[in-house]
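Just so you know, ligand 1 is whichever comes first in the structure, and atom 1 is the first atom listed for that ligand. Keep in mind the model is a prediction, meaning the values are calculated, not measured.
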Amino acid sequence: MSDPLGDSVLVTGALGQIGTDLVDALREKHGKSSVIASDIRDDQGHPSANEGPFVVLDVLDTDSITKICKDEGIGTVYHLAALLSATGEKNPDLCRKVNVGGTVSILEAAKQCSLRVYSPSSIAVFGPDSPKHAPQVTDLNPTTVYGETKVTGEALALEYRRNYGVDARGIRYPGLVSYKAPAGGGTTDYAVDIFHSAINDGHYDCFVRSDTRLPMLYMEDAIRATISLMDAPSDTLGKSRAGYNIDCLSFSAKELADSISKRVNNFTCDYVPDVRQEYADSWPDSIDGSIAKMEWGWSPEFGLEEMVDAMLDGLSGN
Ligand code: NAD
Ligand code: SER
């Protein structure tokens with residue numbers, strides 16, 4: 001591939017849960033005017049839209065993506081636009097269209113404009129036949145449409161690297177816990193919603209069983225992991241570059257509720273599983289991040305107790 005057009009950065013899906021924190025961190029790193037936030041929604045009250053450049057952009061519109069990249073001298077795209085698992089299982093056709101079609105659009109633009117791409121994958125690539133402590137390399141047989149789109153996304157990123165030299169990288173994010181934006185329609189949303197309910201109502205009806213254990217990560221660590229991966233020299237990254245497992249937390253819904261109870265007086269939690277239990281049960285309890293650690297030095301900083309403190313402080317405005 002030839003040199004990128006410029007040093008500016010485009011973020012798709014920038015008004016979502018991750019975009020809210022990532023745009024902020026990228027603007028801190030590269031300067032406000034160098035980071036263009038975009039989303040299919042317009043919300044001028046959102047910090048990604050009003051604290052720096054913002055455009056309304058549908059990720060299925062390859063021509064507009066290519067035009068913005070050429071006009072604005074974009075060198076790197078952080079491609080966050082997608083439908084998450086719970087929303088995706090309700091709208092499987094739209095989920096395939098946006099998640100796979102959007103990734104193809106971004107990779108096509110990358111091919112034409114010599115862009116580097118960050119395109120996240122997910123623990124949803126694993127299925128019920130994966131080991132409960134999921135290794136980096138294993139058969140990937142997800143039972144959700146969302147998971148299938150993430151397996152396809154990893155394969156597309158590797159294909160564009162092999163065939164066109166596109167430098168596309170990704171992390172299999174665990175469930176992400178943050179306070180600046182609401183969670184966006186996933187199965188792991190309970191680990192975010194529980195904090196809002198604890199503070200506002202003193203009670204949470206959790207939509208998975210108390211013993212449901214999943215890989216999770218506090219957003220500050222997720223942003224650090226994302227930027228570390230994109231800063232890593234290309235030649236240090238191996239075959240997992242499109243979807244790294246990363247070391248992260250692993251806690252049950254009850255362990256999370258108990259940790260909140262220690263800090264929020266009289267907080268109670270009931271467990272009322274719905275269809276999302278099925279998706280959670282198909283995913284691993286924890287993941288092995290040793291390849292990410294070896295290739296680009298990743299290790300998390302926030303344990304469960306630090307995360308709970310940070311969430312309660314963040315939501316209380318401390
Ligand atoms: P989110 O749902 O909070 O945000 C996604 C954003 O994409 C939304 O603002 C939405 O308006 C936008 N969008 C939807 N369709 C679009 C389109 N056609 N064009 C442009 N924008 C569109 O999601 P998120 O939690 O920020 O996740 C971002 C990425 O990270 C996704 O690929 C997701 O699969 C992945 N991921 C997230 C988590 C998590 O826990 N949040 C875990 C694993 C992987
Ligand atoms: N947090 C995401 C979801 O639950 C996992 O990719 O959909």
Side-chain angles (χ1 to χ4, degrees), residues 10-23 37-43 46 48-49 54-62 64-65 68 77-91 94-106 117-126 142 144-154 157 170-178 180-193 207-208 212 214-219 221-223 225-226 243-246 248-249 275-280 282-284 287:
L10 175 69
V11 182
T12 73
L15 301 186
Q17 188 196 3
I18 301 174
T20 302
D21 283 82
L22 185 63
V23 167
S38 73
D39 204 287
I40 198 166
R41 297 183 277 140
D42 195 1
D43 177 0
H46 191 288
S48 296
F54 175 77
V55 290
V56 173
L57 181 67
D58 181 347
V59 286
L60 297 176
D61 182 354
T62 314
S64 294
I65 296 167
I68 287 174
V77 178
Y78 289 80
H79 171 46
L80 304 179
L83 265 59
L84 271 66
S85 58
T87 314
E89 297 314 292
K90 281 189 208 148
N91 309 280
L94 186 64
C95 181
R96 279 192 201 93
K97 192 168 159 188
V98 174
N99 294 13
V100 178
T103 303
V104 170
S105 290
I106 294 295
V117 175
Y118 177 77
S119 182
S121 186
S122 162
I123 52 159
V125 295
F126 299 109
T144 58
V145 170
Y146 171 73
E148 285 170 16
T149 68
K150 290 297 174 183
V151 174
T152 305
E154 289 187 18
I171 291 170
R172 291 174 180 159
Y173 285 136
L176 301 183
V177 181
S178 69
K180 289 187 189 162
T187 301
T188 58
D189 289 17
Y190 65 88
V192 175
D193 299 346
F207 58 76
V208 295
T212 305
L214 286 172
M216 297 274 182
L217 193 65
Y218 184 52
M219 186 62 85
D221 268 338
I223 298 302
T226 305
Y244 281 103
N245 283 9
I246 57 170
C248 59
L249 306 176
V275 66
R276 290 168 281 189
Q277 182 70 55
E278 213 179 289
Y279 315 147
S282 74
W283 296 346
I287 51 178

query: Would you say Phe54 and Val23 make side-chain contact, with heavy atoms under 4.5 Å?
result: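 Heavy-atom side-chain distance check fails, nothing below 4.5 Å.
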Check contact between [X] and ligand 1, using heavy atoms of the residue and a distance below 4.0 angstrom.
X      : answer
Lys150 : yes
Ser119 : no
Leu15  : yes
Ser121 : yes
Gly175 : yes

message: Heavy atom to atom 18 (N) of ligand 1, shortest distance: which of Thr188, Asn99, Thr87, Asp58 holds it?
response: Asp58
field: Leu60, portion touching ligand 1 at heavy-atom distance under 4.0 Å
entry: neither
- prompt: At under 4.0 Å between heavy atoms, which part of Pro174 makes contact with ligand 1: side chain, backbone, both or neither?
  reply: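 Under 4.0 Å from ligand 1, Pro174 contributes backbone atoms alone.
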message: Which heavy atom of Thr212 sits nearest to which heavy atom of Ala280, and what is that distance?
response: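 Between these two residues, the closest heavy atoms are CG2-CB, 3.9 Å.
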Heavy-atom pair of closest approach, residues Pro182 and Gln17: O-CB, 3.5 Å
First-shell residues of ligand 2 [heavy atom, distance under 4.0 Å]: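 Residues Leu84, Ser85, Ser122, Tyr146, Gly186, Thr187, Thr188, Trp283 each place a heavy atom under 4.0 Å from ligand 2, listed by chain and number.
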query: For ligand 1, which atoms, with element, lie under 4.0 Å from some heavy atom of Arg41?
result: 8 (C), 9 (O), 11 (O)
query: Which residues pass the salt bridge (charged side-chain N to carboxylate O under 4.0 Å, His left out) test with Lys180, sequence neighbours left out?
result: Asp21, Asp24
message: Once rounded to the nearest 0.5 Å, what's the spacing between atom CD1 of Ile223 and atom CD1 of Ile18?
response: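 CD1 of Ile18 is found 7.0 Å from CD1 of Ile223.
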query: Can you name the residues that form a side chain to side chain donor-acceptor pair (under 3.5 Å) with Asp61, not counting sequence neighbours?
result: Ser64
message: Tell me which pairs pass side-chain hydrogen bond (donor to acceptor under 3.5 Å, both in side chains) where either residue lies in residues 80-91, with sequence neighbours left out.
response: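 Every side-chain hydrogen bond (donor to acceptor under 3.5 Å, both in side chains) pair that includes a residue of residues 80-91, provided the two are not neighbours, is Ser85-Thr187.
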